[in-house]
Number of protein chains: 2
Amino acid sequence: MGRRSDHTPGELRELLLATGHQLMGEVGYPRFSGREVAKRAGYSVGTIYNVFGSLDALLAAINTRTFTQWAAWLRQELETGGEDRIASLVRGYFGFALARPLLWSAIYEHKVPEGEGLSDADLEGRAALTGIVEQEVAAVLPPDTALDVARFARSLIASVHGHCSYVVSGSFALLDETDPVGSALERVRESLAHHGAKSAPML
Amino acid sequence: MGRRSDHTPGELRELLLATGHQLMGEVGYPRFSGREVAKRAGYSVGTIYNVFGSLDALLAAINTRTFTQWAAWLRQELETGGEDRIASLVRGYFGFALARPLLWSAIYEHKVPEGEGLSDADLEGRAALTGIVEQEVAAVLPPDTALDVARFARSLIASVHGHCSYVVSGSFALLDETDPVGSALERVRESLAHHGAKSAPML
DNA sequence: CGCACAATTGAACATTGTTCAATATAAAAA
DNA sequence: TTTTTATATTGAACAATGTTCAATTGTGCG
């Protein structure tokens with residue numbers, strides 16, 4: 001069959017990406033299937049390879065879409081979360097992962113093959129989340145701190161990420177942890193306090 | 001074909017488990033194949049289902065084997081790592097993951113299906129690692145601390161785990177983090193210091 | 001209108017996980 | 001020792017995947 005005119009190339013790319021993102025949210029990375037995406041979109045599996053070049057590229061784009069939604073979730077939490085912005089950040093980080101565990105997990109389960117770097121747009125989309133956190137961390141640290149704030153912020157993110165992935169993967173359930181968000185927030189506060197942060201009072 | 005006498009049932013189970021563990025270390029969870037395990041062991045794929053009941057059960061046993069090796073690695077690092085035992089713990093945690101990234105990742109990539117809990121032996125094997133850390137954390141905290149030490153230790157593990165998984169997954173490489181072990185150790189020290197731990201001097 | 005281009009199809013191929021009928025061997029019973 | 005029973009083992013059948021690409025045909029261009 002020849003070209004169809006149901007969609008422009010841009011529309012088709014968006015359709016496959018949106019349909020793929022929807023499927024990922026339903027079944028998760030291990031059960032994700034390119035054939036099912038194509039079928040739901042009303043195309044054939046070969047079209048995915050024509051539009052994206054590879055299944056990996058579609059998966060990378062889906063994960064970038066997830067990052068974008070996650071950053072928006074975080075911004076929303078900061079807007080509505082009250083004065084303790086660090087607590088809002090931690091709740092926002094967890095909130096998305098707990099609300100969308102299959103999408104969240106897929107970010108870390110799918111690995112972009114070596115030699116196939118992410119596009120600049122993908123890298124920028126993924127860095128947005130880190131940028132938000134850096135900004136908030138810088139705001140609560142003393143202005144004259146000697147700390148590499150960007151690096152410190154990334155480390156705090158990694159710390160919260162560890163708690164988060166234990167929850168999503170079920171490890172914490174096995175270990176009888178009942179308030180992982182609280183634990184994560186305590187660790188973040190302890191590190192911030194150590195560097196002179198004027199955050200909400202410790203409990 | 002009927003029964004063979006090349007191996008006792010116990011030997012066969014150990015052969016399939018050891019061969020599977022070897023394969024996991026080589027190819028990682030996404031490319032793991034039960035057929036290849038059986039082939040390397042000199043049996044047919046159906047034998048795996050006869051011995052383990054399901055591929056998931058073999059995978060769970062492989063991951064328990066990895067936990068056991070990881071706990072041994074940690075103990076070894078504590079024995080040789082010098083006076084700063086907290087630093088040894090963090091280096092030990094990372095060391096195994098960096099030396100055996102595919103085995104380490106498989107622990108978190110493979111999910112035991114719901115309704116199929118782990119055996120007591122598996123749970124015990126997996127808890128050994130946590131037990132080591134709890135012990136060391138308890139040793140550096142004041143004897144009269146009000147902290148729930150087990151919970152606190154788990155939270156520190158989660159924090160280090162976050163840093164570790166960023167390294168193994170390549171996220172930190174994307175973010176130009178050059179000393180993730182150092183970052184993780186700093187966060188652990190900050191939290192321990194906050195609760196009155198007499199650990200090695202902060203830099 | 002005719003031609004060129006390439007999007008699209010979906011089967012071919014190689015592989016997977018899982019099941020299970022057929023087979024043959026070890027173990028148990030006579 | 002022989003016969004019978006139990007079951008471990010096989011590997012094809014089945015349904016599915018990812019990836020490729022020859023054949024088809026619709027769109028775009030001159």
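Per chain, numbering begins at 1; letters A, B, ... match sequence-line order.
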What is the distance, rounded to the nearest whole Å, between atom [atom1] of [X] and atom [atom2] of [N]?
| X | N | atom1 | atom2 | answer |
| --- | --- | --- | --- | --- |
| D6(B) | dA24(C) | CG | P | 17 Å |
| R35(A) | dA14(C) | CZ | P | 15 Å |
| R31(A) | dA16(D) | CZ | P | 15 Å |
| M1(B) | dT23(C) | CE | C1' | 9 Å |
| H7(B) | dT25(C) | NE2 | P | 17 Å |
| K39(A) | dA11(C) | NZ | P | 14 Å |
| L12(B) | dA26(C) | CG | C1' | 15 Å |
| L15(B) | dA8(D) | CG | C1' | 15 Å |

Between R187(B) and S159(B): side-chain donor-acceptor atoms closer than 3.5 Å: no
E190(B) and H195(A) side chains, donor-acceptor separation under 3.5 Å: yes
Set out, line by line, the N/O atom pairs under 3.5 Å between protein and nucleotides 27-30 of chain D.
from	atom 1	to	atom 2	distance (Å)
dT27(D)	OP1	S5(A)	OG	3.2

Stretch residues 47-58 of chain B: residues that reach within less than 4.0 Å of DNA chain D through a heavy atom: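 T47(B), N50(B), in order of number.
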Side-chain touch T66(A)/R100(A), heavy atoms, less than 4.5 angstrom: no
Closest non-hydrogen atom pair, R13(A) against A61(A):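 Taking R13(A) first and A61(A) second, the nearest heavy atoms are NH2-CB, 4.4 Å.
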Minimum heavy-atom distance between A60(A) and V112(A), given as atom pair plus value: CB-CG2, 4.4 Å
Aromatic plane relationship, F96(A) with W70(A) - under 30° parallel, 30 to 60° tilted, over 60° perpendicular: parallel
Whether H161(B) and Y166(A) hold their rings parallel, tilted or perpendicular, with breakpoints at 30° and 60°: tilted
Residue S44(B), side-chain atoms from C-beta onward, closest of dG18(D), dG11(D), dT9(D): dG11(D)
Can you tabulate the close N/O pairs, meaning under 3.5 Å, that link protein atoms to atoms of nucleotides 28-30 of chain C?
none

Side chain E177(A), main chain D179(A), donor-acceptor under 3.5 Å: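 Looks like yes, one N/O pair under 3.5 Å.
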Distance, nearest 0.5 Å, that separates [atom1] of [X] from [atom2] of [Y]:
| X | Y | atom1 | atom2 | result |
| --- | --- | --- | --- | --- |
| S88(A) | L74(A) | OG | CG | 9.0 Å |
| I86(A) | L78(A) | CD1 | CG | 8.5 Å |
| L89(A) | E136(A) | CG | CD | 5.5 Å |

Touch class at under 4.0 angstrom, heavy-atom based, for G46(A) against every strand present: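 Base: the residue G46(A), judged by heavy atoms under 4.0 Å, touches a nucleobase.
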